[in-house]
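See structure below.
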Amino acid sequence: QNVGVKFWKESSDKESMANSGIDSDRTATLTRQANGTYTLTLPIKQVSKLGVTGYLSGLTIGDVTYDGTLTGDFNKATAVLTIKNLPASVLTGSDVNKSVLVTCNIQMDLQVLGEINTSARMCIWNQK
C-alpha cells in the first residue's frame, strides 16, 4: 500500500534533517509480511550536512536497529531504501502527536564521518 512518510524533529514541530533524504516525488510503500512485520520501501535522495553528502541507511526504534538495503542510483533519481521487519506500530497516521521516536542512521560519503545518527519522530500513514 502507498504511504506517506515524514520525519519531524524530536522536540519541535519542524521537519527533521532526515526528511530531506526522502524523495517526495516518488511513492513510498509499506507491505505487511506473513509474519506480521512490515517492509518499508522508501524512495530516497542524498542529504547534505556541513557540505558532505550522505543518505538515510536505516532506522533504530527503541533498542532495535533496522538496517536498510539500498538499490538504484542517486544520479538517476532511482535510489530506494528497503527496511524489513518493522513493527506494526510504525503505521502511526499523519498526526505528529502519535509519531514513533526513531533514530535515523545516515551513511556519510566521507569515510571519516562514517554513519551519523539523528533523533526524529516518524509518521507513516496510508495514502489513497
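Remember, predicted model here, so these are calculated numbers, not experimental data. Scope of the values below: all heavy atoms of this structure, side chains included, with no hydrogens, waters or symmetry mates.
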Nearest heavy-atom approach of T118 to S16 is OG1-OG, 4.5 Å
The reported gap from OG1 in T53 to CG in D109 (rounded to nearest 0.5 angstrom) is 3.5 Å
**Request:** Answer with yes or no whether the hydrophobic clustering places I22 together with L101; edges join I, L, V, M, F, W, Y residues whose side-chain heavy atoms lie under 4.5 Å apart.
**Result:** no
For A79 and L70 the tightest heavy-atom approach is CB-CD1, 4.3 Å
- Would you say L56 and V52 are hydrophobically clustered, going by side-chain heavy atoms of ILVMFWY under 4.5 Å? yes
Sorted by chain and number, sequence neighbours left out, side-chain contact (heavy atoms from CB on, under 4.5 Å) with V102 holds for F7, L59, I61, V100, C104, A120, M122
Residues pairing under side-chain hydrogen bond (donor to acceptor under 3.5 Å, both in side chains) where one sits in residues 61-89, two or more places apart or in two chains, turn out to be T60-T65
**Request:** Carefully, step by step, assess C123 and S99 under the rule side-chain contact (heavy atoms from CB on, under 4.5 Å).
**Result:** CA-CA 5 Å; C123 288; S99 59; 3.6 Å; yes
Besides W8, the hydrophobic cluster formed by Ile, Leu, Val, Met, Phe, Trp and Tyr side chains linked at under 4.5 Å, directly or via other members, contains V96
Hits for side-chain hydrogen bond (donor to acceptor under 3.5 Å, both in side chains) against S57, two or more places apart or cross-chain, chain-then-number order -> E115
Residues at least two apart in sequence or cross-chain that pass salt bridge (Lys or Arg N to Asp or Glu O under 4.0 Å) with E15, listed by chain then number, are K6
Connected via hydrophobic side-chain network under 4.5 Å: V80 and V90:
no
To the nearest 0.5 Å, atom CD1 of I124 lies from atom CD of Q1 at 10.0 Å
Residue set satisfying side-chain hydrogen bond (donor to acceptor under 3.5 Å, both in side chains) with N35, at least two apart, ordered chain then number -> T37
In terms of heavy-atom contacts, R121 and S12 come closest through NH2-O, 2.5 Å
dist R32:CZ -> Y38:OH (nearest 0.5 Å) comes out at 5.0 Å
With sequence neighbours left out, the residues meeting side-chain contact (heavy atoms from CB on, under 4.5 Å) with A28 are V3, V5, L42, P43
T39 meets the side-chain hydrogen bond (donor to acceptor under 3.5 Å, both in side chains) criterion, sequence neighbours left out, with Q33
- request: Step by step, work out the side-chain contact (heavy atoms from CB on, under 4.5 Å) result for N19 and K14.
  value: CA-CA 10 Å; N19 211 58; K14 294 187 169 54; over 6 Å; no
In this structure, CG of L91 is separated from CG of N126 (nearest 0.5 Å) by 5.0 Å
With sequence neighbours left out, the residues meeting side-chain contact (heavy atoms from CB on, under 4.5 Å) with S11 are none
For Q107, the side-chain hydrogen bond (donor to acceptor under 3.5 Å, both in side chains) test, sequence neighbours excluded, returns none
Residue set satisfying side-chain contact (heavy atoms from CB on, under 4.5 Å) with N97, at least two apart, ordered chain then number -> D95
Exercise. Does the side chain to side chain donor-acceptor pair (under 3.5 Å) test come out yes or no for T103 and N117, once each step is laid out?
Worked result: CA-CA 6 Å; T103 300; N117 300 315; over 6 Å; no
Across all chains, not counting sequence neighbours, the salt bridge (Lys or Arg N to Asp or Glu O under 4.0 Å) partners of R26 are D23
